[in-house]
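For reference, the structure discussed in these notes is given below.
Only heavy atoms go into these numbers, but all of them, side chains included; no hydrogens, no water, no symmetry mates. Just so we're on the same page: letters track the sequence lines, and every chain starts at 1.
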Amino acid sequence: SQTIHQWPATLVQPVGSPLSLECTVEGTSNPNLYWYRQAAGRGLQLLFYSVGIGQISSEVPQNLSASRPQDRQFILSSKKLLLSDSGFYLCAWMAKIGTGVNQPQHFGDGTRLSIL
Amino acid sequence: AQKITQTQPGMFVQEKEAVTLDCTYDTSDQSYGLFWYKQPSSGEMIFLIYQGSYDEQNATEGRYSLNFQKARKSANLVISASQLGDSAMYFCAMREYRSSNTGKLIFGQGTTLQVKP
């Protein structure tokens, strides 16, 4: 069965410090991968997605970046965190089965990031 | 314009009763998929149920069913026999056919459901 691991679960960082959040998927190959951010009590904002190794699409201009160095690894980074980067970050994967609309995205447990 | 609208920010339901969470959507694609997710206070997003635009039957998964009214562009989630563990935030999401390769989902703003004992 497929599993998704996301770490760390919580992170407290000072303004201006770097960031690296990691997400790995097991039990599948060549998945689509996604990074979302969620403000408290709000909906999900898609930040980045990737359909393959080295292929990153950005949805929202910001000081975050993403990389996919391996097939099942997705990394969210920042060189200098801002207060506005606080939030709940979720990684998700989706199997590439067929060309339809029916595959759900499956989410990790998330990282709660607080910027001080 | 909002593509997914969940008009109920918060709802209460008595334990063991049924509850309907509303979702309306807007798309010009003929083929699309609709998804519901549950997010407990711990934060993980749990996939509940899927409805395809060409599905003739309403989707059901255990206590979850989807009241799909295509002409009205609504895909309401019905939870039967509510349990205390159903207390969570619920999100409706859509994937349009134009996004089938990227897999991108459009999410609503969510509805917080509280089940009363």
Side-chain angles (χ1 to χ4, degrees), chain A residues 2-11 23 25 28 30-52 55-60 74 87-113, chain B residues 2-7 9-10 23 25 27 29-55 59 61 64 66 75 88-114:
Chain A
Q2 302 91 355
T3 55
I4 179 169
H5 302 281
Q6 193 180 336
W7 67 93
T10 58
L11 191 59
C23 172
V25 182
T28 189
N30 195 28
N32 283 0
L33 296 171
Y34 309 88
W35 277 112
Y36 291 88
R37 179 169 59 203
Q38 185 180 28
R42 305 294 296 275
L44 276 70
Q45 179 187 38
L46 179 62
L47 301 175
F48 300 94
Y49 67 92
S50 171
V51 298
Q55 301 179 61
I56 307 295
S57 296
S58 173
E59 288 290 291
V60 181
F74 206 22
F88 187 56
Y89 288 81
L90 285 156
C91 180
W93 72 274
M94 186 194 80
K96 290 194 189 78
I97 298 177
T99 57
V101 297
N102 63 348
Q103 289 301 308
Q105 290 182 11
H106 302 280
F107 288 79
D109 290 341
T111 295
R112 296 195 186 278
L113 176 63
Chain B
Q2 293 269 23
K3 288 207 167 191
I4 295 284
T5 303
Q6 295 181 252
T7 57
C23 173
Y25 59 91
T27 181
D29 286 8
Q30 294 302 306
S31 175
Y32 51 89
L34 297 157
F35 302 79
W36 277 91
Y37 285 85
K38 172 184 178 182
Q39 187 179 38
S41 57
S42 51
E44 73 271 28
M45 292 280 285
I46 303 165
F47 166 63
L48 295 178
I49 193 166
Y50 164 80
Q51 179 84 42
S53 59
Y54 291 120
D55 293 343
E61 287 287 348
Y64 304 108
L66 218 152
M89 198 157 187
Y90 289 81
F91 290 95
C92 179
M94 174 176 66
R95 178 178 299 126
E96 299 172 296
Y97 181 77
R98 69 188 75 178
S99 297
S100 55
N101 286 337
T102 64
K104 287 166 60 176
L105 288 172
I106 303 165
F107 282 88
Q109 289 302 300
T111 295
T112 299
L113 175 67
Q114 292 193 39

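- In this structure, chain A has a heavy atom under 4.5 Å from the side chain of Phe47(B), while its backbone stays farther away.
- Interface residue Met45(B): backbone and side-chain heavy atoms are both found under 4.5 Å from chain A.
- For chain B, the nearby part of Gln38(A) is the side chain; its heavy atoms alone come within less than 4.5 Å.
- Inter-residue side-chain proximity for Arg95(B) and Gln105(A) is flagged as met; some heavy-atom pair is nearer than 4.5 Å.
- Of the listed residues (Gln6(A), Gln45(A), Lys96(A), Arg112(A)), the one with the most heavy-atom contacts under 4.5 Å to chain B is Arg112(A).
- Residue with the most contacts toward chain B among Gly43(A), Gly110(A), Ser57(A), Ser50(A): Gly43(A) (heavy-atom pairs, distance under 4.5 Å).
- For the residue pair Gln39(B) and Phe88(A), the shortest heavy atom distance occurs at NE2-CE2, 3.8 Å.
- The minimum heavy-atom distance linking Arg42(A) with Phe91(B) is given by the pair O-CZ, 3.6 Å.
- Contact check for Thr102(B) versus Tyr34(A): no side-chain heavy atoms found under the 4.5 Å cut-off.
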Check residues 104-113 of chain B and write down every donor-acceptor pair under 3.5 Å in which the side-chain atom is one partner and the other belongs to a residue at least two apart or another chain.
from, atom 1, to, atom 2, distance (Å)
Lys104(B), NZ, Glu59(A), OE1, 3.2
Lys104(B), NZ, Glu59(A), OE2, 3.2
Thr111(B), OG1, Gln8(B), O, 2.6

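- Between chain A and the residues Gly43(B), Ala93(B), Ser99(B), the largest count of heavy-atom pairs under 4.5 Å involves Gly43(B).
- Residue contact with chain B, scored on non-hydrogen atoms closer than 4.5 Å, involves the side chain of Asn32(A) exclusively.
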(message) Is there a side chain to side chain contact (heavy atoms under 4.5 Å, CB included) between Tyr50(B) and Val101(A)? Walk through the geometry before answering.
(response) CA-CA 10 Å; Tyr50(B) 164 80; Val101(A) 297; 3.6 Å; yes
